[in-house]
Amino acid sequence: MDTMRDRFAPVVSRLLDEDPRVAVVLAEIGLDGFQDAMRRHPDRVINVGIREQLLVGAAAGLALTGLRPVVHTFASFLVERPFEQVKLDLGHQNTGAVLVSAAASFDWPAGGFTHMAPGDVALLDTLDGWTVHVPGHPDEAEALLRHAVAAGDDKVYVRLSVQSNRQGRPVDGQRFATVREGRSGVVVAVGPLLDAVLAATEGLDVTVLYATTVRPFDAAGLRRATEAAGTDVVLVEPYLAGTSTAAVSEALSDVPHRVLGLGVGRRELRRYGTIDEHVAAHGLDAASLRERISGFVGAGRVPAGGRGPVSVGG
């Protein structure tokens, strides 16, 4: 099966042909995939070299002229390194762009910590007005890329990963999808972690929601799910653990609830290893998830109309 990133250049190259507003800004990484598009559209495929701050600044300049820039590099070089430009050139100037990352939290372990970005979504959470898509399959990545480019002049982040679920699902760029229904808690599986969550919750009486668009957070969808399944909520995110716990607490602020945030830990893993070894070390494999989820849902559950703890992180 191809990867999400394998879909990126062909999809965006077609968008360059279809829409004269679309431009692509690169910083060397991913350039090979746009050679043909660069020959057809030399004025709208721009390589700034290894200058990530310029990468974002140039995109903002293109947006100010009325273009729809698509900006691509590794997540650590797209969100973290040029964060000031993301904050000011895009946010403060109220200009829109589509930031498309690769390498996710630890997709290239041999690249070391410089090429890992488990805190990217949490960092964007400090800014206003960002839409964040986290596809879990190449088919979903293609659909969400098209959705992002077509989203007027909005600020959109599309987080691509080599990790993938076995099958793609319909995505609308807005709402969570209900994959399984239960009565003893709600588990929100984000992007490529859905398969692990489904294996981890097999036989458990829980509702599983699938999230490929995490900002704006689908508060209404979560509330509907908790009406039948109760207000024990487990978040399983492929980036920094607990990134969306505040969004859950805000969605359920008027009812007693508990939240467990599972994801990538803050402790730096200094051995390269493999992706699967990093998944296991962060407790995101099916066996580890089952132990954490089964030990949380239902324990200390708050009866309807009762009082109880509001939120706990994990």
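- In this structure, the side chain of Thr274 engages the main chain of Glu277 through a donor-acceptor pair within 3.5 Å.
- Note on residues 266-275: pairs passing salt bridge (Lys or Arg N to Asp or Glu O under 4.0 Å), not counting sequence neighbours, are Glu268-Arg270.
- Closest heavy-atom contact between Gly96 and Ala63: O-CB, 3.3 Å.
- For residues 34-46, the pairs satisfying salt bridge (Lys or Arg N to Asp or Glu O under 4.0 Å) are Asp17-Arg40, Asp36-Arg39, with sequence neighbours left out.
- Using a 3.5 Å distance cut-off with no hydrogens or angles, the side chains of Thr73 and Glu52 do not pair a donor with an acceptor.
- Phe296 has its side chain within reach of Arg258: a pair of non-hydrogen atoms, C-beta onward, lies under 4.5 Å apart.
- Considering only heavy atoms from C-beta on, Leu289 comes within 4.5 Å of Val197 through its side chain.
- Leu284 has its side chain out of reach of Pro238: every pair of non-hydrogen atoms, C-beta onward, lies at least 4.5 Å apart.
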Carefully, step by step, assess Lys155 and Asn94 under the rule side-chain contact (heavy atoms from CB on, under 4.5 Å).
-> CA-CA 9 Å; Lys155 299 183 290 291; Asn94 198 29; 4.1 Å; yes
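- By the side-chain contact (heavy atoms from CB on, under 4.5 Å) test, Ile46 pairs with Val48, Leu62, sequence neighbours left out.
- By the ring-ring contact (aromatic ring centres under 6.0 Å, His included) test, His137 is found to be paired with no residue, residues two or more places apart in sequence or in another chain being considered.
- Nearest heavy-atom pair, Ala122 versus Leu240, reported as atom, atom and distance to 0.1 Å: CB-CD2, 4.4 Å.
- Enclosure of atom CD in Glu84 is not indicated, since only 12 or fewer non-hydrogen atoms of other residues, nucleotides or ligands lie within 6.0 angstrom.
- Evaluation of the ring-ring contact (aromatic ring centres under 6.0 Å, His included) rule for Phe83 yields no partner, not counting sequence neighbours.
- Nearest heavy atoms, Arg51 versus Ala27: N-CB, 4.4 Å.
- As a member of the Ile/Leu/Val/Met/Phe/Trp/Tyr network built from side-chain separations under 4.5 Å, Phe34 groups with Met4, Phe8, Val11, Val12, Leu15, Leu16, Val22, Val24, Leu26, Leu31, Met38, Val45, Val70, Val98, Val100, Leu145, Val149, Val156, Val158, Leu160.
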Should Asp254 and Arg223 be marked as a salt bridge (Lys or Arg N to Asp or Glu O under 4.0 Å) after you check the CA-CA gap, both sets of side-chain angles, and the distance that decides it?
-> CA-CA 11 Å; Asp254 60 334; Arg223 286 186 66 92; 2.8 Å; yes
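- At a threshold of 4.5 Å between non-hydrogen side-chain atoms, the residues His147 and Thr213 do not count as touching.
- Evaluated for a side chain to side chain contact (heavy atoms under 4.5 Å, CB included) with Leu144, the options Thr212, Thr131, Asp172 yield exactly one hit, Thr212.
- With sequence neighbours left out, the ring-ring contact (aromatic ring centres under 6.0 Å, His included) criterion links His41 to no other residue.
- Relative ring orientation between Phe77 and Phe74 is described as parallel, the plane-to-plane angle staying below 30° on a 0-90° scale split at 30° and 60°.
- Annotation for Ile50: hydrophobic cluster partners, listed by chain and number, are none (ILVMFWY side-chain heavy atoms under 4.5 Å, direct or chained).
- The stretch residues 131-144 participates, sequence neighbours left out, in these salt bridge (Lys or Arg N to Asp or Glu O under 4.0 Å) pairs: Arg7-Asp139, Arg7-Glu142, Arg14-Glu142.
- Across every non-hydrogen atom of Ala225 and Thr207, the tightest pair is CB-CG2, 4.2 Å.
- Between Leu198 and Arg180 there is a side-chain heavy-atom pair separated by less than 4.5 Å.
- Between the CG atom in Leu209 and the CG atom in Asp218 there is a gap of 8.0 Å [rounded to 0.5 Å].
- One side chain, Glu28 or Asn47, offers a donor N or O that lies under 3.5 Å from an acceptor on the other.
- Residues passing the side-chain hydrogen bond (donor to acceptor under 3.5 Å, both in side chains) test with Asp285, sequence neighbours excluded: Ser288.
- Counting only heavy atoms from C-beta outward, the side chains of His72 and Leu55 never approach each other to under 4.5 Å.
- Put simply, Tyr157 and Leu127 are part of the same group of oily side chains (I, L, V, M, F, W, Y) that touch within less than 4.5 Å, one to the next.
- Here Ser164 contributes atom OG and Asp2 contributes atom CG; the two are 9.0 Å apart, rounded to the nearest 0.5 Å.
- Residue Glu18 qualifies as enclosed at atom CD: its count of foreign heavy atoms under 6.0 Å is above 12.
- The backbone N or O of Ala246 sits nowhere less than 3.5 Å from a side-chain atom of Ser249 that would complete a donor-acceptor pair.
- Ion pair Asp205/Arg183 flagged as a salt bridge, since at least one NZ, NE, NH1 or NH2 atom sits closer than 4.0 Å to an Asp/Glu carboxylate oxygen.
- With rounding to the nearest 0.5 Å, the separation of CG in Leu99 from CG in Leu124 is 7.5 Å.
- The two atoms that bring Ile275 and Pro109 nearest to each other are N-CG, 3.8 Å, heavy atoms only.
- A donor-acceptor pair is defined here as one N or O able to donate and one able to accept, closer than 3.5 Å; such a pair exists between the side chain of Glu237 and the backbone of Thr243.
- Considering only heavy atoms from C-beta on, Leu194 comes within 4.5 Å of Arg169 through its side chain.
- Between atom NZ of residue Lys87 and atom CG of residue Asp128 there is a gap of 13.0 Å, rounded to the nearest 0.5 Å.
- Rounding to the nearest 0.5 Å places CZ of Arg81 at 7.0 Å from OG of Ser76.
- Sorted by first then second residue, the salt bridge (Lys or Arg N to Asp or Glu O under 4.0 Å) pairs that include residues 102-121, not counting sequence neighbours, are Asp120-Arg159.
- Residues Val279 and Phe106 form a side-chain contact, since some pair of their non-hydrogen atoms from C-beta on lies under 4.5 Å apart.
- Residue Arg68 holds its CZ atom at 10.0 Å from CG of Asp19, rounded to the nearest 0.5 Å.
- Around CD of Glu250, the count of heavy atoms belonging to other residues, nucleotides or ligands within 6.0 Å does not exceed 12.
- With sequence neighbours excluded, the residues satisfying side-chain hydrogen bond (donor to acceptor under 3.5 Å, both in side chains) with Arg21 are Asp153.
- In terms of heavy-atom proximity, Val134 sits nearest to Pro192 at CG1-CD, 4.2 Å.
- Without hydrogens or angle criteria, Arg175 side chain to Ala220 main chain gives no donor-acceptor distance under 3.5 Å.
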Do His278 and Leu269 pass the side-chain contact (heavy atoms from CB on, under 4.5 Å) test, and can you show the C-alpha distance, the side-chain angles, and the key distance before you say yes or no?
-> CA-CA 8 Å; His278 280 258; Leu269 304 179; 3.8 Å; yes
